[in-house]
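Please read the structure below before turning to the comments.
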Amino acid sequence: MNKSIVLTGITTSGTPHLGNYVGAIRPAIEHSHDVNVQPYYFMADYHALIKCRDPERVRQSSLEIAATWLALGLDTENAVFYRQSDVPEITELTWLLTCITAKGLMNRSHAYKAAVQDNLEAGEADPDKGVTMGLFNYPILMAADILMFNAHKVPVGKDQIQHIEMARDIAQRFNHLYGEHFVLPEAVVGEETAVLQGLDGRKMSKSYDNTIPLFEPANRLRKLIMKIKTNSLQPGEPKDPDSCTLYSIYRAFSTPQEAARIRQRYAEGIAWGEMKQVLFEYIDDHLQAPRERYEALLQSPEHIESTLQAGAERARAVARPFLQRLRASVGIRPLAG
Ligand code: TRP
């Protein structure tokens, strides 16, 4: 039976937070145990360079992300877990794809358009001010990540759907010119891909600086949870769980039965202080065992490194021959023999 290939990348520019866990990491790790699926999960460190010029941050983020996924029980026997930069075939493929991608397609990329829009609004004379070729070409690098392994499904957040569509366009164009080499990937945006709210009630996101890091020590976790914004309803007054950040986080971790009990407590007017304590204890309990594994892994980066190297070897075992075939298809091949 042909396994379905599921691939996703994580940009190495931040520290994993509860929103990443619920929206991306937890479902990916669940998939990693599914024998009908062949997952490819990788750290997109070349993507990180597009927005992060702090070398220490890129390195530290790679370490934290790898440790997080391993601590949470990623099945690295099944899943191929690697670092993008350890598979140089991906950047080579990026060039083959760059040569057939219309500039006009890239002009339409949301990330690029948003940068131009910001410049226009700021009254800049040059609409491309501060736009690097990395930012402009980003969707082609991402297409190479995906097409290199002929992924069928690509789990991503909503903001990335356009990039998967671009990868399809690019794949189609290449196939049309040089033969049927690439599978056309599909974006998978999970139903329950719970978008978690952050400290200020907006979507939990690094760009809003409102995140709760996944593996904070218990005392720090407690402090952050106490900071979550609530309204001014008093103890005893009924409260609405559905507009409440505390509840949204609780529900993302709990069973439906537990969530139903908490809804009841809201109706009965649970005090915010008490609810925060309930939430803290629940999450702390849930994360304690993986947090210990995480701390231990951070103490032995050589173990993480060798796991990533083994993953890169598996990835390259697929990428090397495929890239040879693609090069041959465009006319780059030995002149004799
Ligand atoms: N650009 C993605 C993000 O910011 C990360 C990423 C890079 C990715 N390459 C990918 C996701 C390939 C899926 C497939 O979230």
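Just so you know, ligand 1 is whichever comes first in the structure, and atom 1 is the first atom listed for that ligand. Everything quoted here is computed from the prediction, not taken from an experiment.
Tyr178 and Phe174 have tilted rings, their planes meeting at an angle from 30° to 60° on a 0 to 90° scale. Using cut-offs of 30° and 60° for the angle between ring planes, the Tyr266 and Trp272 rings count as perpendicular. Ring orientation note: the planes of Phe322 and Phe182 are nearly perpendicular, at an angle over 60° on the 30°/60° scale.
The Val154 neighbourhood of ligand 1 comprises atoms 13 (C), 14 (C), with distances under 4.0 Å to a heavy atom of that residue. Ligand-side atoms of ligand 1 in range of Ile146: 12 (C), 14 (C), range being under 4.0 angstrom from any heavy atom. Those atoms of ligand 1 that come under 4.0 Å of a heavy atom in Phe42, given as number and element, are 9 (N), 10 (C), 12 (C). Atoms of ligand 1 lying under 4.0 Å from any heavy atom of Ala44, numbered from 1 in the order shown and given with element: 7 (C).
Of the candidates Ser13, Gly9, Ala24, Gly9 brings a heavy atom nearest to atom 13 (C) of ligand 1. The heavy atom nearest to atom 9 (N) of ligand 1, out of those in Ile10, Thr11, Ile50, Asp145, is found in Asp145.
The shortest N or O to N or O distance between Tyr138 and ligand 1 is below 3.5 Å. Not a single N or O atom of His163, backbone or side chain, sits closer than 3.5 Å to an N or O atom of ligand 1. In terms of N/O distances under 3.5 Å, ligand 1 is not approached by Thr8.
The side-chain heavy atoms of Pro139 and Leu141, taken from C-beta on, include no pair separated by under 4.5 Å.
When Gln84, Lys51, Lys206, Met43 are each tested for a side chain to side chain contact (heavy atoms under 4.5 Å, CB included) with Thr11, only one passes: Lys51.
Within the structure, the side-chain hydrogen bond (donor to acceptor under 3.5 Å, both in side chains) test picks out the following pairs touching residues 211-220 (sequence neighbours left out): Glu216-Arg220.
Among protein heavy atoms, the minimum distance from atom 2 (C) of ligand 1 is reached at Gln160 OE1, 3.4 Å.
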Next item on the list: Check step by step if ring-ring contact (aromatic ring centres under 6.0 Å, His included) holds for His31 and Tyr41.
Entry: CA-CA 11 Å; His31 256 133; Tyr41 299 145; 7.8 Å; no
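For Ile164, no heavy-atom contact with ligand 1 is shorter than 4.0 Å.
Taking the ring axis of Tyr208 as reference, the NZ or CZ atom of Arg202 stays within 45° of it and closer than 6.0 Å to the ring centre.
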